[in-house]
Amino acid sequence: MALTREQLAQRVAQEFKDGYYINLGIGIPTLAANYIPKGIDVVLQSENGILGMGPFPRDEEVDADIINAGKQTVTLIEGASVFSSADSFAMIRGGHVDLTILGAFEVDCQGNIASYMIPGKLIKGMGGAMDLVSGAENIIVTMTHASKDGVSKLLSNCTLPLTGKECIKRVLTDLALLDIEGGRFILRERAPGVSVDEIVKLTAGELEVTGDVPEMIFEI
Amino acid sequence: MSGFNKIINSYEDAMDGLVDGMTIISGGFGLCGIPENLIKEIKRKGTKDLTVASNNCGTDKHGLGLLLSDHQVKKVIASYVGENALFEKQMMSGEIEVDLTPQGTLAEKMRAGGAGIPAFYTPAGYGTPVGDGKEVREFNGRKYILEEALQGDFSIAKAWKADSHGNLIFRRTARNFNPMAITAGKISVVEVEEIVEVGDLDPDQIHLPGIYVDRLIKGTFEKNIEQRTVRNT
């Protein structure tokens with residue numbers, strides 16, 4: 001079975017390490033904040049100017065001056081700091097954020113990512129994504145492996161306008177966890193119940209499969 | 001004696017001098033920390049053919065979206081179109097020219113504009129449409145594109161607290177682009193929730209010194225929320 005949004009969030013959160021400053025993109029990455037592994041401390045960066053973003057507020061705590069990058073109301077944890085957009089992107093571009101997780105429309109086996117527009121159809125804008133992918137060493141892209149019609153989003157060459165060039169090294173899809181190295185995808189883990197054949201069929205870019213590929217493990 | 005008193009008493013006077021074709025740099029992120037009353041004044045004035053630099057353009061009904069609905073804007077420099085359907089429509093139809101700019105690049109363009117730096121190299125956008133036609137230079141094995149600073153005829157911004165000299169304190173994530181936007185305008189106009197006496201602010205706690213502020217006005221704010229998200233537990 002393909003992973004649900006919650007399972008994607010849960011799996012990506014397994015990559016969190018104690019002491020990490022983490023930037024979570026809009027959507028599934030934001031959900032990962034609900035699955036921080038027990039016993040570790042991480043600090044969430046929100047690119048509109050927070051280090052130490054907390055959970056959504058209770059009704060009576062809602063403050064219009066405290067939002068996340070997705071414009072949702074949030075809270076600040078104890079020890080949080082707030083700062084300007086210039087400072088926020090200085091820490092992002094400067095490589096001070098330990099882990100960045102963001103979504104994409106397409107990635108390819110050169111490590112290119114496309115996530116901000118579909119010409120003629122949809123223009124979202126890149127927001128902070130171009131700065132994030134160019135500044136971070138440690139990036140995980142979370143996305144669906146293929147469209148509903150079975151068209152692969154893991155390509156030899158992205159077809160959409162790029163958000164970043166040769167910058168992605170790890171992709172978590174609803175079917176698999178893959179690394180990108182040497183111009184190809186390398187299959188690391190399968191979603192529970194998803195066969196290697198199925199992943200091969202839905203991966204358009206060059207894919208390396210070595211040995212037995214383990215299933216992802218989810219703690220209940 | 002009063003040469004440093006930046007206080008203006010009406011929104012009409014606050015935006016005096018803004019004429020058709022000018023460039024405005026605005027603070028705000030979504031609807032958070034936007035100079036909402038200054039935007040309404042620009043709408044009331046009906047100034048046209050404006051170029052507006054702001055992270056995004058509010059929503060259809062609030063913030064800079066108000067200027068789009070009256071067709072006052074010729075060009076937008078922004079990082080995100082997302083939540084504003086009208087913005088997306090006017091962009092797709094070609095009614096307004098849009099210079100999509102990475103968020104960190106936009107913040108730095110404003111910062112540079114106010115700091116006397118004409119241009120800077122950044123990795124953001126290299127190898128993407130944003131880098132098309134821009135100078136590329138390699139430093140230590142990585143490629144960067146040259147981005148130019150941004151300056152405006154006016155900047156409009158919102159802060160939380162000020163003294164009458166325009167020393168400013170922002171609040172929470174309502175700070176966002178406001179400090180850089182203020183520095184990048186030839187005439188900077190800032191609206192605040194509270195104005196205190198000179199001497200009431202601790203010099204160590206001031207986020208932006210009053211030297212950058214030309215006009216200061218106290219307003220009342222709706223502070224609309226785009227995505228009111230709460231937890232039950």
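So that the names make sense, note that chain A is the first sequence line, chain B the second, and so on, each numbered from 1.
Counting heavy atoms of neighbouring residues, nucleotides and ligands inside a 6.0 Å radius, atom OH of A:Tyr21 does not exceed 12 of them. A 6.0 Å sphere centred on CD of B:Glu148 holds no more than 12 heavy atoms belonging to other residues, nucleotides or ligands. Taking a 6.0 Å sphere around CZ of A:Phe105, one finds it holds more than 12 heavy atoms contributed by other residues, nucleotides or ligands. In A:Glu60, the CD atom is crowded: over 12 heavy atoms of neighbouring residues, nucleotides or ligands sit closer than 6.0 Å. More than 12 non-hydrogen atoms from other residues, nucleotides or ligands lie less than 6.0 angstrom from CD of B:Glu135. More than 12 heavy-atom neighbours from other residues, nucleotides or ligands sit within 6.0 angstrom of CG on B:Leu146.
Only the side chain of A:Glu61 comes within contact range of chain B, with heavy atoms under 4.5 Å apart. Heavy-atom distances place both the backbone and the side chain of B:Arg231 under 4.5 Å from chain A. Only the side chain of B:Asn56 comes within less than 4.5 Å of a heavy atom in chain A; its backbone stays farther off. With a threshold of 4.5 angstrom between heavy atoms, A:Asn68 approaches chain B through N, CA, C or O but not through any side-chain atom.
A distance-only check finds a donor-acceptor pair linking the side chain of A:Arg93 to the backbone of B:Gly104 [under 3.5 Å]. Using modelled atom types, no side-chain atom of B:Asn176 and backbone atom of A:Gly49 make a donor-acceptor pair closer than 3.5 Å. Of the possible polar contacts, one joining the B:Glu88 side chain to the A:Ile123 backbone as a donor-acceptor pair under 3.5 Å is found. Of the possible polar contacts, one joining the B:Thr173 side chain to the A:Ile67 backbone as a donor-acceptor pair under 3.5 Å is found.
With rounding to the nearest 0.5 angstrom, the CG atom of A:Asp131 is 10.0 Å from the CD atom of B:Glu108. Remark: A:Asp63 CG to B:Ile225 CD1 distance equals 8.0 Å, nearest 0.5 Å. We find the NZ-CD distance between B:Lys143 and A:Glu166 to be 8.5 Å, quoted to the nearest 0.5 Å. Distance OG1/B:Thr128 to CE/A:Met130: 3.5 Å, rounded to 0.5 Å. Once rounded to the nearest 0.5 Å, the distance linking OG of A:Ser88 with CD of B:Gln103 reads 7.5 Å. Rounding to the nearest 0.5 Å places CD1 of A:Ile66 at 5.5 Å from CZ of B:Arg171.
Minimum interatomic distance between B:Leu100 and A:Tyr116 (heavy atoms only, all atoms of both residues): CD1-CE1, 4.0 Å. Considering every non-hydrogen atom in both A:Leu122 and B:Met92, the closest pair reads N-CE, 3.9 Å. Of all heavy-atom pairs spanning A:Ser84 and B:Pro179, the tightest one is CB-CG, 4.1 Å. Taking all atoms of both residues into account, the shortest heavy-atom contact from B:Met180 to A:Ala86 is CE-N, 3.4 Å. Listed here is the closest heavy atom pair of A:Asp65 and B:Arg172: O-CB, 3.1 Å.
Here A:Gly127 is the residue among A:Ala90, A:Gly127, A:Gly125, A:Ala69 with the most heavy-atom pairs under 4.5 Å with chain B. Most heavy-atom pairs under 4.5 Å with chain B: of the set A:Leu162, A:Thr73, A:Thr75, this distinction falls to A:Thr73. In terms of non-hydrogen atom pairs under 4.5 Å with chain A, the most contact-rich of B:Gly27, B:Cys32, B:Gly30 is B:Cys32. When the candidates B:Gly127, B:Pro123, B:Ala107, B:Ala174 are compared by the number of heavy-atom contacts under 4.5 Å with chain A, B:Pro123 comes out ahead. Considering only heavy-atom pairs separated by less than 4.5 Å from chain A, the leading option among B:Arg175, B:His207, B:Met91 is B:Arg175.
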Item to complete: List the steps, then state whether salt bridge (Lys or Arg N to Asp or Glu O under 4.0 Å) holds for A:Asp59 with B:Arg228.
Response: CA-CA 9 Å; A:Asp59 201 48; B:Arg228 188 189 175 91; 3.1 Å; yes

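With contacts defined as side-chain heavy-atom distances shorter than 4.5 Å, the pair B:Tyr80/A:Lys71 qualifies.
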